[in-house]
Amino acid sequence: MHPLSSGPNPTTRKGPLSLSIMVTESDEPLTPAGRLFLRPELNTIITCAIGLKNPIEVDAVESQIRNSMLIEHPRFCSLMIKDRHGREHWRRTQVNLDQHIIVRHESDGDTAADDEEAVNDYLADLSLSSPLSADKPLWEIHLLMSQKCAIFRVHHALGDGISLMSMFLSCCRKADDPTQPATVNSGDSSSTSSRRNGREWKVWRLVKMLWYTLIFVFEFGLRSLWLKDKKTAVIGGAGVELWPRKLATAKFHLDDMKAVKKAVPHAVNLILML
């Protein structure tokens, strides 16, 4: 067991932190992509670790979450349930922050290297042995007090990377003006709205939707029947999903990553979000 998994159970907050968000509406079915991410073969969970310079103030974190858009988002306050036919649906429920904020105080190391290794081991344990519980909305925040690290876990069925990042950025505020979000949607909304209300725009959008649907269905059929991923220097062998896993942290310069990409084609897929 790693340093953070020993000792007492995680600290849970008690008191008036339970939020009641009940909306009487019909259950909403999952999208095909959401159902795919919930398959036992995938069960994809996004994990984001954030290192902080100053000690974590748990009350401030809870207050920020309680007053943010995150706690009001339909996906973040809905249970994933199955009907009698095994189809998944979202059902609105009460959100209890006690179940979502997990505080840990254990520490076996005092140096930065020890902290980094302890966080890596904790993340590896989460990915192997701690699936998100289905008796609450599929997200958690782990606060590692000794390592000054916050870990956010959210199931991929709640959204894709773009939608989740957009929501998280909308929860942030500018340092010079706390009343304004970190990102502001720019552009002429009036001209865009009037253009989209036109009949020509609706017809063109329908044509594009049908065309791209046919292309995606055709590509999916080809990949299912004939096409395979290309062999690369870093591709895993048979049963790679069952191999033992351990999380490690490495730091690279961007120029070094570009050099590796040129030397080993298709080995590095670098995505930058600015």
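What you see below is based on every heavy atom in this structure, not just the backbone, and it leaves out hydrogens, waters and symmetry mates. The structure presented is a predicted model; accordingly, all values stated were derived computationally and were not measured.
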- Closest contact, heavy atoms only, Leu144 versus Ile56: O-CD1, 4.1 Å
- Task: Treat each ILVMFWY residue as a node, draw an edge where side-chain heavy atoms are under 4.5 Å apart, and state whether Ile101 and Ile50 are in one component.
- Result: yes
- Note on the structure: Correct closest heavy-atom pair for Asp115 and Ser146 would be OD2-O, 4.3 Å
- Query: Tyr122 and Gln147: side-chain contact (heavy atoms from CB on, under 4.5 Å), yes or no, with the steps?
  - Reply: CA-CA 11 Å; Tyr122 186 77; Gln147 287 72 30; over 6 Å; no
- Task: Taking salt bridge (Lys or Arg N to Asp or Glu O under 4.0 Å) as the test, write out the residues that go with Arg91, two or more places apart.
- Result: Asp27
- Within 6.0 Å of CD in Gln64, more than 12 heavy atoms from elsewhere: no
- Message: Do Glu72 and Cys77 have side chains that approach each other closer than 4.5 Å (heavy atoms only, starting at C-beta)?
- Response: no
- Closest non-hydrogen atom pair, Val154 against Leu158: CG2-CD2, 3.7 Å
- Within the side chain of Ser63, is there an N or O that forms a donor-acceptor pair under 3.5 Å with the backbone of Asp59? no
- Query: Would you call Asp121 and Asp125 a side-chain contact if the rule is heavy atoms closer than 4.5 Å?
  - Reply: no
- Task: Supply the atom-to-atom distance Leu225 CG to Phe220 CZ, rounded to the nearest 0.5 angstrom.
- Result: 9.0 Å
- Query: Where the side chain of Lys148 meets the backbone of Asn54, is there a donor-acceptor pair that is under 3.5 Å apart?
  - Reply: no
- Message: Counting C-beta onward and ignoring hydrogens, is there a side-chain heavy-atom pair between Ile46 and Trp139 closer than 4.5 Å?
- Response: no
- Task: Answer with yes or no whether the hydrophobic clustering places Ile81 together with Leu30; edges join I, L, V, M, F, W, Y residues whose side-chain heavy atoms lie under 4.5 Å apart.
- Result: no
- Note on the structure: Rounded to the nearest 0.5 angstrom, the CZ-CE distance for Phe76 and Met167 is 3.5 Å
- Just how far is it from atom CD of Gln94 to atom CG of Leu79, taken to the nearest 0.5 Å? 10.0 Å
- Message: Below 30° counts as parallel, above 60° as perpendicular, anything between as tilted: where do the rings of His156 and Phe37 land?
- Response: parallel
- Do the side chains of Trp211 and Phe216 join up, straight or via other hydrophobic residues, at under 4.5 Å, putting them in one cluster? yes
- Message: For Cys149 versus Val119, what's the shortest heavy-atom pair and its separation?
- Response: SG-CG1, 4.0 Å
- Item | Check: Pro29 and Arg87 side chains under 4.5 Å, non-hydrogen atoms | no
- Nearest 0.5 Å, what's the CG-CD1 distance between Leu97 and Ile71? 4.5 Å
- Query: What pairs with Glu140 under salt bridge (Lys or Arg N to Asp or Glu O under 4.0 Å), at least two apart in sequence or on another chain?
  - Reply: Lys136, Arg153
- Query: With hydrophobic residues grouped by side-chain heavy-atom distances under 4.5 Å, do Leu132 and Leu36 end up in a single group?
  - Reply: no
- Quick one: do Glu28 and Arg75 make a salt bridge, cutoff under 4.0 Å? yes
- Query: Quick one: CG on Leu138 to CD1 on Ile45, what's the gap to the nearest 0.5 Å?
  - Reply: 8.0 Å
- Message: I need the minimum non-hydrogen distance between His100 and Pro137, along with the two atoms involved.
- Response: CE1-O, 3.2 Å
- Task: State which residues pass ring-ring contact (aromatic ring centres under 6.0 Å, His included) with His155; sequence neighbours excluded, sorted by chain then number.
- Result: none
- Note on the structure: Between the CG atom in Leu126 and the NE2 atom in His142, the distance rounded to the nearest 0.5 Å is 5.0 Å
